[in-house]
Amino acid sequence: MDHYTRSSFNYFAALKVDRLSVRRLDPDWIRKQIREGRSRIIPVWRSRNLLAGAEELKPVLLSVRDLDDAPALEDHAVLLGCRGDTVYFAVELPEESEGIADRFGGGARFRELREAGPLLGAEDGALLAYARAITYWHRRHRFCGDCGSPTRSAEGGHIRVCTKPECGQRHFPRTDAAIIVLVTRREAGEEYCLLGRQPIWPRGMHSAIAGFVEPGETLEQAVVREVSEETDIRVSRVHYQSSQPWPFPASIMLGFTAEAASSEIRLNDGELEHAAWYSRADIAAGLADGILRVPRRISIAHRLVEDWFDDGNLGPLAAHLPASPGSGTPATNV
Ligand SMILES: [Zn+2]
């Protein structure tokens, strides 16, 4: 399987819209689309998405008629792209807008995408992740990082431009790169993977090692450094696995596997409160006893553990998981 295909199976990665990057340069076309009956607006309020349903969730998509202040919409709607004849926009609603959910029935309310993700279809989840990420960027970049003057949205919401004429700096949406790596080790015919936990995570939750890429380093160097900083383990043979948009708030997770070149764990930087080597049997037993939890299915961390576990002789990881999807935590990719 090539990496393009492998990544497409990750949550929030199944985006099927054409991003219409050339159309972003045509404000008249964008204005017309916002007013068109076929266009759909994805509302975002305090980084939450408007969802209806219970067991299975669907995004509530608005038309221009559902929003009170349509002229202002043209200044801050973000052109996401189109799927078939439908053009999608994302709009950040003002603080006082929570009540808008009551207009739509079906139990519609603003929900945290990280919690709701498993109950959404893959394409819907990807579209909402895109909307969440880009509206978050707009909210956090209302002022120019160079001169401090206000910025305004341009090119369909895909850049912000400084309003001070002598500056005019163009600011582009940013995505923070974070690596996540499952380190494995073989000893006396048994295979182990390295899992650790942060103190703020739910009881028993353990995950792969993760951290942000720093300026001036490659992704692979970030893998080696993070594992060393957090566990003192030296790694070799770093392999890219897949990537995942992770808009909580603005990351892309870059998944790796690596082989350990040492085995003694020492918690170096205080980020983890516990880390250990787990065989597949350890994981199966921990899950069965309820003393170990693995990251939720929506995370690439789960994917890394699952791909490794399923390669062994204890069957698929899914068969060992408790009936509920399990609860992760907002802190990182778990
Ligand atoms: Zn400026």
Side-chain angles (χ1 to χ4, degrees), residues 12 15 17-35 39 41-49 62 64 67-82 87-98 110 113 126-179 211-219 221-222 243 245-254 330:
F12 309 127
L15 190 68
V17 303
D18 175 342
R19 289 177 181 247
L20 297 173
S21 50
V22 175
R23 288 294 196 186
R24 292 173 191 167
L25 307 178
D26 184 349
D28 292 336
W29 184 86
I30 292 173
R31 204 169 299 124
K32 186 161 167 275
Q33 298 306 312
I34 291 174
R35 303 194 165 281
S39 291
I41 295 166
I42 297 173
V44 182
W45 174 76
R46 289 187 177 176
S47 283
R48 295 180 184 182
N49 299 98
L62 312 184
V64 67
L67 294 169
D68 300 328
D69 195 1
L73 200 60
E74 293 171 8
D75 295 329
H76 69 265
V78 179
L79 172 64
L80 297 178
C82 72
V87 179
Y88 293 93
F89 291 88
V91 168
E92 168 94 32
L93 299 181
E95 272 294 301
E96 64 276 10
S97 304
E98 187 176 16
F110 288 96
L113 183 60
L127 189 60
L128 296 182
Y130 178 17
R132 188 191 200 281
I134 199 152
T135 52
Y136 176 84
W137 173 73
H138 277 280
R139 196 167 68 249
R140 298 291 293 260
H141 292 82
R142 292 174 297 144
F143 296 93
C144 177
D146 278 4
C147 75
S149 302
T151 57
R152 65 174 175 82
S153 177
E155 297 187 8
H158 289 266
I159 63 166
R160 293 190 73 85
V161 182
C162 178
T163 54
K164 186 178 178 183
E166 311 85 79
C167 177
Q169 187 67 241
R170 291 153 59 89
H171 300 277
F172 293 85
R174 56 175 285 184
T175 300
D176 300 328
I179 61 87
F212 286 108
V213 180
E214 295 192 347
E217 70 183 352
T218 65
L219 302 177
Q221 287 166 342
S243 64
W246 191 250
F248 309 110
S251 291
I252 179 164
M253 300 302 296
L254 301 148

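One-based numbering, in listed order, for ligands and for the atoms of each.
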*asked:* Does any part of the side chain of R24, heavy atoms only, come nearer than 4.5 Å to the side chain of R19, both counted from C-beta?
replied: yes
_Can you pull out every ring-ring contact (aromatic ring centres under 6.0 Å, His included) where at least one residue sits in residues 133-155? Sequence neighbours excluded, please._
W137-H141
*Identify which protein N/O/S atoms are less than 2.8 Å from the Zn ion (ligand 1).*
C144 SG, C147 SG, C162 SG, C167 SG
_Given 3.5 Å as the limit, does a donor-acceptor pair link the side chain of S251 with the main chain of A178, or not?_
no
*Give me the one residue out of R140, R46, R139 that meets salt bridge (Lys or Arg N to Asp or Glu O under 4.0 Å) with E92.*
R139
*Can you find a pair of side-chain heavy atoms, one from R152 and one from D75, that are under 4.5 Å apart?*
no
_Result of checking L15, I42, T135 against Y130 for side chain to side chain contact (heavy atoms under 4.5 Å, CB included)_ = L15
